[in-house]
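These notes concern the structure reproduced below.
Keep in mind it's a predicted model, so treat the numbers as computed, not measured. Throughout, protein chains are lettered first and strands after them, A, B, ... in sequence-line order, and every chain is numbered starting at 1.
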Amino acid sequence: MTYTISQIAKALGAEAAGNLDLTVTGAAEPGDAGRDQLALAMSPKYAEALAQGGARAAILWPGAAWQAMGLEAAIFTTRPRLAMAGVTAMLDPGQGVAAGIHPSAVIDPSAEIGADVSIGPLTVVGARARIGEGSVIGPHCVIGMDVVLGPGAFLREMVSIGARATIGARFIAQPGARIGGDGFSFVTPEVSGAENARKTMGDQGEAKAQAWTRIHSLGAVEIGDDVEVGANCTVDNGTIRNTSIGDGSKLDNLVHVGHNTRVGRDCLLCGQTGVSGSVEIGNNVVLGGQTGVVDNIFIGDGVIAGGGTKILSNVPAGRVIMGYPGVKMDLHTEIYKAQRRLPRLLRDIAALKKAVSKPGPSE
Amino acid sequence: MTYTISQIAKALGAEAAGNLDLTVTGAAEPGDAGRDQLALAMSPKYAEALAQGGARAAILWPGAAWQAMGLEAAIFTTRPRLAMAGVTAMLDPGQGVAAGIHPSAVIDPSAEIGADVSIGPLTVVGARARIGEGSVIGPHCVIGMDVVLGPGAFLREMVSIGARATIGARFIAQPGARIGGDGFSFVTPEVSGAENARKTMGDQGEAKAQAWTRIHSLGAVEIGDDVEVGANCTVDNGTIRNTSIGDGSKLDNLVHVGHNTRVGRDCLLCGQTGVSGSVEIGNNVVLGGQTGVVDNIFIGDGVIAGGGTKILSNVPAGRVIMGYPGVKMDLHTEIYKAQRRLPRLLRDIAALKKAVSKPGPSE
Amino acid sequence: MTYTISQIAKALGAEAAGNLDLTVTGAAEPGDAGRDQLALAMSPKYAEALAQGGARAAILWPGAAWQAMGLEAAIFTTRPRLAMAGVTAMLDPGQGVAAGIHPSAVIDPSAEIGADVSIGPLTVVGARARIGEGSVIGPHCVIGMDVVLGPGAFLREMVSIGARATIGARFIAQPGARIGGDGFSFVTPEVSGAENARKTMGDQGEAKAQAWTRIHSLGAVEIGDDVEVGANCTVDNGTIRNTSIGDGSKLDNLVHVGHNTRVGRDCLLCGQTGVSGSVEIGNNVVLGGQTGVVDNIFIGDGVIAGGGTKILSNVPAGRVIMGYPGVKMDLHTEIYKAQRRLPRLLRDIAALKKAVSKPGPSE
């Protein structure tokens, strides 16, 4: 890939200056950049390292004194990470899946493969599966029977999609992502201790020990357009209805989405987040890394949860939460500060009790 | 699959009414059901949507006025989720693994494949592995050398089972489950800072920085009958003895079970739970999602841990716990409520100190 | 594998006594050991079970009365787990990957395979990939284009390594490990609510709902010598620079390392630990199971985090921390103890207020 500065600036909708015909073949951090690489130096802090590298062109902030930095050309951006998105999309060297269908792939004769689809070595495509045009399927994938995969998909190696999943356009799946495992759903013949403990918040009652009977998943997974799922993440089939992920939502590595759960549009579920079954998540929700969500609750539009939050009850739209259990972030911050003072507090109270010299009821 | 209402009622051991010869080919939620689908409407709340769907038959609660709902037939259940287990088992359309051994599978000549075993494309079976009769092994699985897999197993795609694992009857493994990775076990030549910090609860002492030497896993994994493991979960080999999972236990997606750990009978380990090495878990234990268990402790029979609990010490049988560190659930609830009042508490104490006008020892 | 007691003692650098020519073919716990197995009984507690087993030789502590235990030979060790490392390395029966390249493997003609490399069935090796001599690659692996894998690697089944990763000598990867997925990096066209909430610690401001634009990963993953990664763990590509793991570091199962993050030398990242993007981790750091690390912070050399710690800010070298948020372990212990007393504390304060009979400002 070779682009001129002019081509890149145009693609980013950004201003540029200097030798706009200068070509670059890649991008690099300022200190590492070679003479054919575009340096990404969107703030003065990063630009300092330009001198250590060999870049002749850089992306800088508006008004940056590019000539004083020894550059031949510059592109100016007001929102650095957005520019990064554009540049990295242009310069992505990819994973090298060869055009066409590799002869070692095992494609069921009833599968419908769209135009310009590439399929890597040893990938399996099941009966009646349909793969949209322009899709790139890496090596060692399994696409189950009756799966519908929209156009422009990009599946990395070792992705699996269970039977009957339906997936929209431009789906991206990182290595080892698992769509359509069976839901984790079991029941005991009689009321179990866990059921009692949930109802009473802690008392198992008289429930006896029992074996678990499996509830099978008749539902599948339904995924909208422009969804990306991370490496080794898991999205389970629904029990009767489908589990669903809305348009534009992104799941990070090792994220778990349980059966029947519905994730709305444009959500971000960060690394190792786990959502139980039958949860309703609205649109534009951001769950930080290692967030946990208990089953059968709802999370309103625009909710943001800080890393490690355990969400144990419904969350109204727009709320920013954190903690275990998750509470409003400002309350969490107050609690946290108070906790750090707890040991001292205990000593204060002991002193107070002495001062008042009239012992409290429980000590 | 087509069943009469009579057949389904009989399989569930449930009462039925109306046209018992009516046939259904699947199940659906009340509002989504077509005329050949059995609507699952086990409570009045769900039954309201029957009118929006086209179902002619439904599963209802005892005494439900099925005729007034416009149905031609009904089945009555007292324990809805148990009925769900029966119905979904009957109507499960499966993943479409074709009968017999796919020609692309790589089966070691010394492997023993039982009668009526199906093996999907590109699955690898190692030397001397034995697969019990009636098992269905999905595509892209790896079954290591000397593995013993009992009858009636169902392995989804991309499951791997390491050498020497022994697994009982009716094993179910979801996509990407990993049985028999090597345990995570390392030692430094001299006492490490981590060892000191554990002993002293926080002090690394004089330990110097050292490299880690690997302890290999000579043990394997031993799994009872009727066990299910979730997508991308991991169960590690033991060091000397085997890691073991008892009959009837179920592991959800992304669950981790460390080396030497013994999980008892009929346990549920929910999503993303992590159990360290050398833990003893009793029977009928339920660990909620994202539970963590420190190494070398025991968890008694019937213990229930709420989601997100971090178990840092032994837990006696029958206890219901929650929190980080895990404590009895009622204490956890009290602590939680007190925490929310902490910021106010601090202000109260400040006021009290003023009132007493005799300052505490530390402020 | 058959070894004499003398050979094993020599390999461990340990003293031995009795019939040094006695041979063993494996190791076992004292109570399980057969007559050809070496019993591992490094403390009196374990040695008690020797009588139940059939071992004729054991590894014991210095000065142990081996003859009184009915043994014919004994090896004496002062650091039991270090001896375990040596013995298990000698006796590891392995996974049975056959010598040479399995005919079903799909090797790009431009790949360079070193001398004495074994490659299991159905493994894919991409264009220009280089595999160092003596490496053992299990079945069903994918090694991407332009990957450099050092000598002496041992990859279990179903490991994937994305394009352009560079990995040092003696790399070990457990089943399903994913090296080089794309980083989880997205940006909205305008400032998002999540950006605002981070800055203000809880206030989303006026940000409107927006879709996410993808930032591609141009960087790769760079791994030093003697690194081991666990089953189903994930290490993402960097955005511009590489994500890196230093010499001697070990990652447990289901560990996640985000894009751009640099992990130093000789670190241990225990099960299900998640490290966000752009984190700098020093050398000899130990992160307990289910630790979480927020993005863009540093963790100094020798830091130790207890299980379940959520690290939300920089941690200076040498610190031992625990909790959510992570604090010094001694403070955490104090807080924890105080928390357990919180409910009682509330009652005490209520009583104090009554005694002082001058109500606080907020109640």
Looking at [atom1] of [X] and [atom2] of [Y], how far apart are the two atoms once the value is rounded to the nearest 0.5 Å?
X	Y	atom1	atom2	result
Gln272(B)	Thr234(A)	CD	OG1	7.0 Å
Arg81(B)	Thr239(A)	CZ	OG1	7.5 Å
Gln95(B)	Asn237(A)	CD	CG	7.0 Å
Asp330(B)	Met201(A)	CG	CE	9.5 Å
Asn232(A)	Asn253(B)	CG	CG	11.5 Å

[X], part contacting chain B, at a heavy-atom distance under 4.5 Å:
X	answer
Val159(A)	backbone
Thr333(A)	neither
Arg198(A)	neither
Val106(A)	side chain

Find out whether Arg79(B) and Thr188(A) are in side-chain contact, i.e. whether some heavy atom of one side chain is under 4.5 Å from a heavy atom of the other.
->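 Result yes, sub-4.5 Å side-chain heavy-atom pair found.
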Do Lys337(A) and Leu346(B) come close enough that some side-chain heavy atom pair is under 4.5 Å?
->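 No, every pair of side-chain atoms sits at 4.5 Å or beyond.
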Mind listing the closest non-hydrogen atom pair of [X] and [Y] along with its distance?
X	Y	result
Met145(A)	Gly94(B)	CE-O, 3.5 Å
Val286(B)	Ala194(A)	CG2-CB, 4.3 Å
Leu218(A)	Ala27(B)	CD1-CB, 3.9 Å

Is the backbone N or O of [Y] less than 3.5 Å from a side-chain atom of [X], with the two atoms forming a donor-acceptor pair by type?
X	Y	result
Arg156(B)	Gly180(A)	yes
Tyr324(A)	Thr309(B)	yes
Gln174(B)	Gly181(A)	no

If you tally heavy-atom pairs under 4.5 Å against chain A, which of Glu157(B), Met84(B), Gln339(B), Met158(B) wins?
->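 Highest number of pairs under 4.5 Å: Met158(B).
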Is it the backbone or the side chain of Arg265(B) that comes under 4.5 Å from a heavy atom of chain A, or both, or neither?
->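 Arg265(B) has no heavy atom closer than 4.5 Å to chain A.
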Would you list the atom pairs, donor with acceptor, under 3.5 Å between side chains in residues 206-217 of chain A and any protein atom, with sequence neighbours excluded?
| residue | atom | partner | partner atom | Å |
| --- | --- | --- | --- | --- |
| Lys208(A) | NZ | Glu190(A) | OE2 | 3.4 |
| Gln210(A) | OE1 | Glu190(A) | N | 2.7 |
| Gln210(A) | NE2 | Glu190(A) | O | 3.3 |
| Gln210(A) | NE2 | Val191(A) | O | 3.2 |
| Gln210(A) | NE2 | Lys208(A) | O | 3.3 |
| Trp212(A) | NE1 | Asp266(B) | O | 2.9 |
| Arg214(A) | NE | Glu228(B) | OE1 | 2.6 |
| Arg214(A) | NH1 | His216(A) | ND1 | 3.4 |
| Arg214(A) | NH2 | Asp182(A) | OD2 | 3.1 |
| Arg214(A) | NH2 | Glu228(B) | OE2 | 3.0 |
| His216(A) | ND1 | Asp92(B) | OD2 | 2.7 |
| Ser217(A) | OG | Gly183(A) | N | 2.8 |

